[in-house]
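Below is one structure, written out as structure tokens; the observations come after it.
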Amino acid sequence: MHWADKVAEELLRRGDKHRIATGITPSGHIHLGNLREMLTADAVRRALEDRGGKVKIIYIADTFDPLRKRYPFLPAEYDKYVGMPLSRIPCPCGEHKNYAEHFLEPFLESLKILGIDVEVKRADRMYKEGEYEKAIKIALREKEKIKKILEEVTGKKCDESWSPFMPICENCGRINSTKVTGFNEKHVHYVCECGHEGEVSYREGKLGWRIDWPARWGILNITCEPMGKDHAAAGGSYDTGKRLAREVFEIEPPYPVVYEWIHLKGVGAMKSSKGVVVPVREMVEVLPPEIVRYIIIRSKPERHIDFDPATLLDLIDEFEEAYTRKDRSVELSLVEKVNYCKVPFRHLVVVGQIANWNFNRVIEILRRTEYDVDVEDVKRRMSYAKKWLEKFAPERMKFEVRDIKEINVDFSKKELEFLRKFAEEVKNDMKADDLHNLVYVVASRVGIKPAKAFNAIYKAVLGKNYGPRAGYFMESLGTDWIKKRFIKVVELRS
RNA sequence: GGGCUCGUAGCUCAGCCAGGCAGAGCAGCGGCCUUUUAAGCCGCUGGUCGCGGGUUCAAAUCCCGUCGAGCCCGCCA
């Protein structure tokens with residue numbers, strides 16, 4: 001059984017209405033690793049819906065988190081924003097409302113493309129609009145109890161001035177430098193490292209992460225939450241959250257789905273703080289959404305994924321094969337009612353190049369070479385094939401059918417003879433195999449090594465020594481075209 | 001020190017929850033009219049299921065132990 005179905009069945013034992021929380025922080029480029037949280041949630045959502053459950057995914061964007069440090073991708077002037085909430089830091093490119101939105105907006109666009117329907121909650125607004133107020137009051141009142149739980153579970157001492165609530169300093173704007181000195185029904189008093197002393201309302205500050213998390217479970221009625229393995233470690237924030245939920249906020253903690261990290265092949269774990277990322281927004285430009293989803297959904301959450309752009313084509317092959325047997329991972333990955341016809345993505349990459357990405361020509365070639373085409377599907381995937389080629393493909397795979405005038409390479413006598421003979425022998429109804437075989441036949445008749453014969457073909461068409469597998473390449477180009485081209489090349493050189 | 005995950009064919013992994021003849025893809029080898037390239041077809045090779053014990057008519061699967069690898073344990077997916 002698929003992992004998402006197992007989780008769904010477990011959840012259904014608890015009830016048939018669920019609210020799944022996700023919580024990626026927009027502190028840097030949101031990447032494939034982060035996406036695992038959303039796709040884990042989405043796969044579970046679908047599995048639940050397939051069984052008649054009611055589900056909603058809530059995405060709490062931690063826009064209120066302080067900037068931890070100046071990340072390598074930020075200019076030096078951002079030093080002064082360290083410690084301030086992401087929602088109050090200027091946008092790096094100047095086009096978004098603030099720092100958090102700069103990273104959040106492209107990510108939300110990606111979620112749309114990927115068919116992940118979420119209710120977005122921005123943490124800064126939740127605090128500002130008072131959604132946390134009750135929880136903050138409970139936390140301040142129960143400070144000693146919370147402290148005790150944290151110390152018991154983590155085995156570490158909280159220091160004397162520890163507080164569950166972190167006010168924003170009115171003077172320096174930082175959220176991680178204040179110490180709470182007292183509170184009443186309306187205000188929280190604090191002193192800040194910057195020397196300022198003052199008071200803020202319950203809406204001008206946030207709970208520390210370990211308290212914030214269980215608090216939001218209660219506020220949003222969360223029943224299930226995927227989390228990175230860091231949270232799930234013994235003494236980690238899920239352990240403390242679980243107890244705080246029950247003993248302080250008096251709610252049941254959500255059902256956890258722990259997932260592993262995604263590594264970039266040969267590079268290591270993706271870390272937005274280190275700039276090791278493939279931003280999700282870029283991936284969804286280049287790959288069909290169902291493929292992006294499949295990369296993650298096909299693996300159990302607890303397994304590492306080593307993402308290797310070099311093997312993407314193999315993965316797409318696998319997807320296409322799995323599609324035909326209605327594999328569950330594929331089912332959970334498809335976004336809309338796309339109808340995959342039997343034209344491999346791999347093939348589109350070649351045919352697209354032959355046709356110079358002219359859609360009508362692509363269709364014409366596919367039809368002539370006896371593919372069953374679904375026009376809409378080909379159109380959609382062809383555009384991805386083009387982008388994939390530009391972004392991920394190795395140079396060897398790229399080629400361009402040249403105009404005859406652009407063929408400036410030299411041909412040996414034998415090569416020309418081969419081309420001439422080949423043109424004579426080509427019959428219009430020849431298929432890929434026939435053409436491939438004909439190369440050997442003519443080569444041996446002319447007394448030229450097959451490898452040289454292939455070179456001649458590629459040179460005559462592409463102006464270089466190599467190209468796609470010759471038989472089907474020539475079939476795609478059309479026997480008639482090939483014949484004319486070869487004759488022309490020979491003419492021009494004799 | 002604590003925790004999680006992984007260990008099955010050369011490589012990537014499925015199968016384990018719910019015990020019943022050890023699987024797939026890739027790679028390799030052979031063939032498809034003697035040969036190229038990241039798309040083909042047919043066939044073949046290839047595994048003490050990390051190791052040791054236990055339960056069982058029967059264990060890759062369940063239990064106990066052990067070794068190895070990776071990661072996590074202020075914040076982080």
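Every chain is numbered from 1 and lettered A, B, ... according to where its sequence line falls, protein lines coming before strand lines.
Atom CZ in A:F345 sits about 13 Å away from atom C1' in B:A38, given to the nearest Å. Atom CH2 in A:W213 sits roughly 13 Å away from atom C1' in B:C75 (whole-Å rounding). In this entry the distance linking CD of A:E302 with C1' of B:G7 reads 15 Å, nearest Å. Between the P atom of B:C75 and the NZ atom of A:K156 lies a distance of 8 Å, rounded to the nearest Å. Atom CD in A:E425 sits roughly 18 Å away from atom P in B:C33 (whole-Å rounding). One atom, CG of A:N455, and another, C1' of B:U35, lie 11 Å apart when rounded to the nearest Å. For A:I175 and B:G74, the CD1 to P distance is 21 Å, given to the nearest whole Å. The CD1-P distance, from A:I60 to B:A77, rounds to 13 Å in whole Å.
Side chain of A:D230, nearest nucleotide from B:A77, B:G3, B:G70: B:A77. Closest approach to the A:H304 side chain among B:G70, B:G3, B:C75 is made by B:G70 (side chain taken as heavy atoms from C-beta onward). For A:N437, the listed nucleotide lying nearest its side chain is B:C33; candidates were B:C33, B:C6, B:A77. Looking at the side chain of A:S444, the nearest of the listed nucleotides B:U34, B:G3, B:G70 is B:U34. Candidate nucleotides B:C72, B:A77, B:U36 were compared by shortest atom distance to the side chain of A:Y440, and B:U36 ranks first. Side-chain proximity of A:L313 to B:A38, B:G40, B:C72: nearest is B:A38. The side chain of A:W261 lies closest to B:A77, out of B:A77, B:G3, B:C75. Here the side chain of A:A234 is nearest to one of B:A77, B:G3, B:A38, namely B:G3. Listed nucleotides B:U35, B:U5, B:C75 differ in distance to A:P450; the shortest reach to its side chain belongs to B:U35.
Separation of the C1' atoms belonging to B:G25 and B:U66 is 33 Å when rounded to the nearest angstrom. The P atoms of B:C42 and B:A27 are separated by 15 Å, rounded to the nearest whole Å. For B:G70 and B:G74, the C1' atoms lie 22 Å apart once the distance is rounded to whole Å. Rounded to whole Å, the separation between the P atoms of B:C64 and B:C4 comes to 12 Å. Going from the P atom of B:U56 to that of B:C63 covers 16 Å, rounded to whole Å. Comparing the C1' positions of B:G23 and B:G47 gives a spacing of 11 Å, expressed to the nearest Å. Distance noted for atom C1' between B:C13 and B:G53: 29 Å (whole Å). B:U5 and B:C17: their P atoms are spaced 16 Å apart (whole Å).
Neither OP1 nor OP2 of B:G70 sits under 4.0 Å from any side-chain N or O of A:R303. In terms of phosphate contacts, A:T25 brings a side-chain nitrogen or oxygen within less than 4.0 Å of OP1 or OP2 of B:A77. Dashed line: the shortest gap from a side-chain N or O of A:K459 to OP1 or OP2 of B:U36 is not under 4.0 Å. Put simply, A:K229 has no side-chain N or O that comes within less than 4.0 Å of OP1 or OP2 on B:A77.
Under a 3.5 Å cut-off, the side chain of A:R70 and the backbone N or O of A:L74 do form a donor-acceptor pair.
Seen from the ring of A:Y190, A:K179 does not count as a face-on cation partner, given the 6.0 Å and 45° thresholds. The cationic group of A:K421 does not satisfy the cation-pi geometry with A:F418, failing either the under 6.0 Å distance to the six-membered ring centre or the 45° limit from the ring axis. Geometrically, A:K459 engages A:F411 in a cation-pi contact, judged by NZ or CZ lying under 6.0 Å from the ring centre and within 45° of the ring axis.
Applying the Watson-Crick and G-U wobble criteria (two distances, each under 3.5 Å), B:A22 pairs with nothing in any strand. Within the shown strands, nothing qualifies as a pairing partner of B:U34 under the Watson-Crick or G-U definition with both distances less than 3.5 Å. For B:G1, the paired nucleotide is B:C73, the pair qualifying as Watson-Crick or G-U wobble because both relevant distances are below 3.5 Å. The partner of B:C44 is B:G28, judged by Watson-Crick or G-U wobble contacts that both fall below 3.5 Å. Using N1 to N3 plus N6-O4 or O6-N4 for Watson-Crick, or N1-O2 and O6-N3 for G-U wobble, each under 3.5 Å, B:C62 pairs with B:G54.
If A:P344 and A:E37 are placed on RNA chain B by their nearest nucleotide, the residue sitting closer to the 5' end is A:P344. Along RNA chain B, the nucleotide closest to A:A470 and the one closest to A:K6 are compared, and the more 5′ of them pairs with A:K6.
In summary, A:E320 and A:R381 engage in a salt bridge, as defined by a charged side-chain N under 4.0 Å from a carboxylate O. Using a 4.0 Å cut-off between a side-chain N of Lys or Arg and a carboxylate O of Asp or Glu, A:R303 and A:E260 do not qualify as a salt bridge.
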Could you walk me through whether A:E225 and A:W217 pass side-chain hydrogen bond (donor to acceptor under 3.5 Å, both in side chains), step by step? CA-CA 9 Å; A:E225 178 155 359; A:W217 293 339; 3.0 Å; yes
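Residue contacts for A:V441: at a heavy-atom cut-off of 4.0 Å it reaches a base atom on one of the strands shown. Contacts of A:R469 with the nucleic acid, taken as non-hydrogen atoms under 4.0 Å apart, include base atoms. Among the protein residues, A:K300 comes within range of the sugar-phosphate backbone only, with heavy atoms under 4.0 Å from sugar or phosphate atoms but none that close to a base. Among the heavy atoms of the strands lying under 4.0 Å from A:R210 are primed sugar atoms or P, OP1, OP2 only; no base atom is included.
Within 3.5 Å, a donor on the side chain of A:Y458 pairs with an acceptor on the base of B:U36, or the reverse.
Between A:A139 and A:P164, the shortest heavy-atom distance links the atoms O-CG, 3.5 Å.
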